[in-house]
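Reminder, nothing fancy here: chain letters follow the sequence lines and each chain counts from 1.
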Amino acid sequence: MRVRFAPSPTGQLHVGNARTALFNWLLARGRGGTFILRIEDTDVERSTRESEAAILEDLRWLGLDWDEGPDTGGPRSPYRQSERLHLYQRYASELLASDRAYYCFCTAAQLEAGRQEALASGRPALYACTCRRLSREQAQARIGAGEHPAVRFRVPAERDVVFTDAVRGDVRFHTDVISDPIIVRADGHPAYNFAVVVDDALMDVTHVIRGEDHISNTPRQILLYEALGFTPPTFAHLALVMGPDHSPLSKRHGATSVAEFRSKGYLPEALVNYLALIGWSPRGHGGDDEELMPAPELARRFALEDVGHSAGVFDEEKLAWVNRHYLKIADLMRLAELSVRYFNEAGVPMSPDRRGLEFLASALTMANVSVDRLNQVPARLALLFAYDAEAALRDPDVASEMRAEAARDVVRALAEELTTAPRLDRETFRAVANQVKARTAQKGKALFHPIRIALTGRPDGPELDLAVPAIDRGAELPPDAGIPKIIGNRERAAEFVRAIARNR
RNA sequence: GUCCCCAUCGUCCAGAGGCCCAGGACGUGGCCCUUUCAAGGCCAAAACACGGGUUCGAAUCCCGUUGGGGACGCCA
């Protein structure tokens, strides 16, 4: 089995295309097949090397590795259409020679006029030009006169083209509704319908899995396979991915490219797992199986026959849920490394060394279970890097809570206990809390909430058992660890007591 | 307009004639847990687009309607 993903390098990798790539990859990996990456850059105007590089990077990030491609090479190289021009030329000449293709001298304006007319008269907007009946001599004469014709494939009349789509079953088209496609442009570059056929055939692609928008191209491609003497592959057309309003997913729905989801802090394994769930389900019969599983497991279970026929709406809420799952089980050092950029973006400049990363990793235990995405980590961990007792007291709720004498007692007792206490870890913090409890006779929320406010500067946040030790671990960090200065618990408590005194 | 594809909870899926007065998940609501916010646990509301057939019996098969999507490019 040989499958391929064939993006045109004209922009960012869209999640819909990423899903197409994923389905190809899943099939190849699950069946011991070969996954080919081919760059369809025959549109000289729009294709760029930058886009190509970006797409490759996105695919790598997703973990969709390819066995043959423009960078890795392979037995059917080259894998960039712009480097295969001689092949298309050869097959086009063959078609021309056998009269299965012909030269077309029509101008863009003429064609457009013909389209308008057809549309206006309620007839299928089919191309019908007189070039089809030009004799070889006439055509040669015009070429000799300096004209640059395109080459069209002659679609046979009065025929039914039927193919069995691996996800939809039989699909039938009548050739009367298929116009003669351009196979070579006037500039000598092959057109899509021609290049795919030549490449898929020459690369021995056995299964063409692509978006549903290609379904109506399939009959002309099948005709081309026949004319060229090739055997058509199995086709499988995937329903498109839609936005919440059921229109094709686009920028106005928000993020659409893999790169955007990446920079928002989604994990690649989450995007992959989620994308696989649009239009497909790993569940067999019974319907209560788990749907969260790593890519190899997805591949093991994947089958084209199980792919749904209808379009799916991209649901970022569910993506977020999948991401939360992977955040919870991810290696903390990895998350620490990934989080650095988000701190910098959030205005907490840092470039941690190993010690700094280890500190971040330990602090991440209070963020990775409660955040949707990595870009929310800085906010969740803000208590570490920003401490301002005065600012905390400007919060009306905090202020009113701290007007109570009992709460003040707690904070004062805390500050006193801390003057003699060592840096806090989980155990010593509990000991201190117990001391404060004994001295003030406060317990539960009345005890811990004032402590929380005094130490973290805010009324909500991660568990104190996690936050308090993290603060002191941060305070102990050497200045050259690459982490911004973190004020310790002792200093925070003292500062808070002074702030209360000033604000009475 | 013509051709093609599609149609189960708000969303993603399960369901391949009786197991379905339709199951799971996300989201939503409630409850529990809890020193806060989350997280987690439990419970609940929520759908077979419509109309005809076929059949003893249809979410499942057929036809039509409606709705959505795609294509009709010297874009891919």
5'-most contact on RNA chain B: A/G444 or A/N217, nearest heavy atom basis? A/G444
Distance check: side-chain N/O of A/H449 vs OP1/OP2 of B/rU35, anything under 4.0 Å? no
Output yes when at least one side-chain N/O atom of A/R185 is less than 4.0 Å from OP1 or OP2 of B/rA76, else no. yes
Once you measure the plane-to-plane angle for A/F235 and A/H237, does it fall in the parallel (<30°), tilted (30-60°) or perpendicular (>60°) bin? parallel
Out of B/rC26, B/rC6, B/rC37, which nucleotide sits closest to the side chain of A/D460? B/rC37
Does B/rA76 have OP1 or OP2 sitting under 4.0 Å from an N or O in the side chain of A/R46? no
With a 6.0 Å cut-off on ring centres, are A/H189 and A/F194 close enough? no
If you check the A/S310 side chain, which of B/rA14, B/rC6, B/rU36 turns out closest? B/rC6
Note: A/E40-A/R80 ion pair, threshold 4.0 Å (strictly below): no
Should the heavy atoms of other residues, nucleotides or ligands under 6.0 Å from NE2 of A/H148 be counted, would the total exceed 12? no
Classify the side chain of A/R380 versus the base of B/rC37 as yes if they form a donor-acceptor pair under 3.5 Å and no if they do not. yes
Could A/R152 and A/Y102 be counted as a cation-pi pair, given that NZ or CZ must be under 6.0 Å from the ring centre and within 45° of the axis? no
Considering only the P atoms, how many Å lie between B/rA46 and B/rC21, rounded to the nearest integer? 16 Å
Quick note, A/P248 side chain, CB onward, closest among B/rG69, B/rG27, B/rC6 is B/rG69
Across the strands shown, which category fits A/R168 at heavy-atom distances under 4.0 angstrom: base, sugar-phosphate, nothing? sugar-phosphate
Does a side-chain N or O from A/R458 land closer than 4.0 Å to OP1 or OP2 of B/rU36, or not? no
Salt bridge or not between A/R301 and A/D306? Use side-chain N to carboxylate O under 4.0 Å. no
Of A/T42 and A/L277, the one whose closest RNA chain B nucleotide lies more 5': A/L277
Report, one pair per line, the protein and nucleotides 39-46 of chain B atoms (nitrogen or oxygen only) whose separation is under 3.5 Å.
from, atom 1, to, atom 2, distance (Å)
B/rA39, O3', A/K328, NZ, 3.1
B/rG40, OP1, A/K328, NZ, 2.9

Pair A/K445 + A/E401: basic N to acidic O under 4.0 Å: no
Ranking B/rA76, B/rC4, B/rC74 by distance to the side chain of A/F173, first place goes to B/rC4
With sugar-phosphate meaning primed atoms plus P, OP1 and OP2, does A/E463 contact a base, only sugar-phosphate, or nothing at under 4.0 Å between heavy atoms? base
